[in-house]
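Encoded as structure tokens, the structure appears first; notes follow it.
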Amino acid sequence: AVVHLSVDKEGLTVTGSYALGGLKESLELEGKHAAVKFRGEAGQIRRALTHADSFSLTAGSMILRGEPNFLYIAATVS
């Protein structure tokens with residue numbers, strides 16, 4: 001399954017379609033953020049989230065960080 005993450009002036013939006021249904025969630029973000037979009041494999045992101053404390057979205061990538069030395073970089077799926 002593919003998940004889409006995007007940041008715009010409204011905040012962070014996560015969308016995806018899966019065998020059991022769909023997902024669309026939005027979170028309001030404080031401050032100003034660059035508008036970015038990311039499209040990735042949900043399974044790969046889910047595995048990384050178990051170790052991550054924080055994440056960043058950039059144009060075409062998602063970076064997950066955790067303690068003590070966890071770093072996971074996922075490139076967008078074209």
Side-chain angles (χ1 to χ4, degrees):
V2 176
V3 65
H4 300 263
L5 292 93
S6 63
V7 175
D8 59 21
K9 65 181 179 180
E10 304 296 320
L12 171 67
T13 302
V14 180
T15 58
S17 295
Y18 310 96
L20 298 175
L23 166 73
K24 182 170 184 182
E25 294 292 331
S26 296
L27 293 168
E28 191 175 310
L29 299 175
E30 294 179 2
K32 292 186 178 188
H33 300 275
V36 294
K37 292 183 180 181
F38 174 81
R39 180 176 182 257
E41 290 292 329
Q44 291 179 356
I45 296 168
R46 181 185 42 137
R47 283 191 295 273
L49 283 173
T50 62
H51 305 288
D53 298 324
S54 63
F55 73 93
S56 300
L57 292 175
T58 66
S61 68
M62 182 176 192
I63 302 162
L64 298 106
R65 292 175 300 279
E67 295 297 329
N69 295 312
F70 178 76
L71 178 66
Y72 184 85
I73 300 172
T76 196
V77 177
S78 26

Closest non-hydrogen atom pair between [X] and [Y], with its separation:
{"X": "E41", "Y": "A1", "result": "OE1-O, 3.3 Å"}
{"X": "S26", "Y": "T13", "result": "OG-OG1, 3.5 Å"}
{"X": "A74", "Y": "F38", "result": "O-CE1, 3.4 Å"}
{"X": "A48", "Y": "L64", "result": "CB-CD1, 4.1 Å"}
{"X": "I63", "Y": "R65", "result": "CG2-NH1, 3.7 Å"}
{"X": "V7", "Y": "H33", "result": "CG1-CB, 3.8 Å"}

Inset, instruction - Dump the intermediate steps for side chain to side chain contact (heavy atoms under 4.5 Å, CB included) on Q44 and Y72, then the final yes or no. - result: CA-CA 10 Å; Q44 291 179 356; Y72 184 85; 3.5 Å; yes

Are [X] and [Y] connected, step by step, through hydrophobic side chains (Ile, Leu, Val, Met, Phe, Trp, Tyr) whose heavy atoms are closer than 4.5 Å?
{"X": "L71", "Y": "L57", "value": "no"}
{"X": "L20", "Y": "V14", "value": "no"}
{"X": "I73", "Y": "I45", "value": "no"}
{"X": "L29", "Y": "M62", "value": "yes"}

Inset, instruction - Quickly, which of V2, V3, L5, T15 forms a side chain to side chain contact (heavy atoms under 4.5 Å, CB included) with R39? Name it, please. - result: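 Output: one option passes, namely V2.
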
Inset, instruction - Sequence neighbours left out, what passes ring pair (Phe, Tyr, Trp, His ring centres under 6.0 Å) with H51? Give chain and number order. - result: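 Partners of H51 under the ring pair (Phe, Tyr, Trp, His ring centres under 6.0 Å) test: F70.
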
Legend entry - Side-chain donor or acceptor of S17 paired with backbone N/O of G22 under 3.5 Å: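 Pair absent, no side-chain N/O of S17 close to backbone of G22.
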
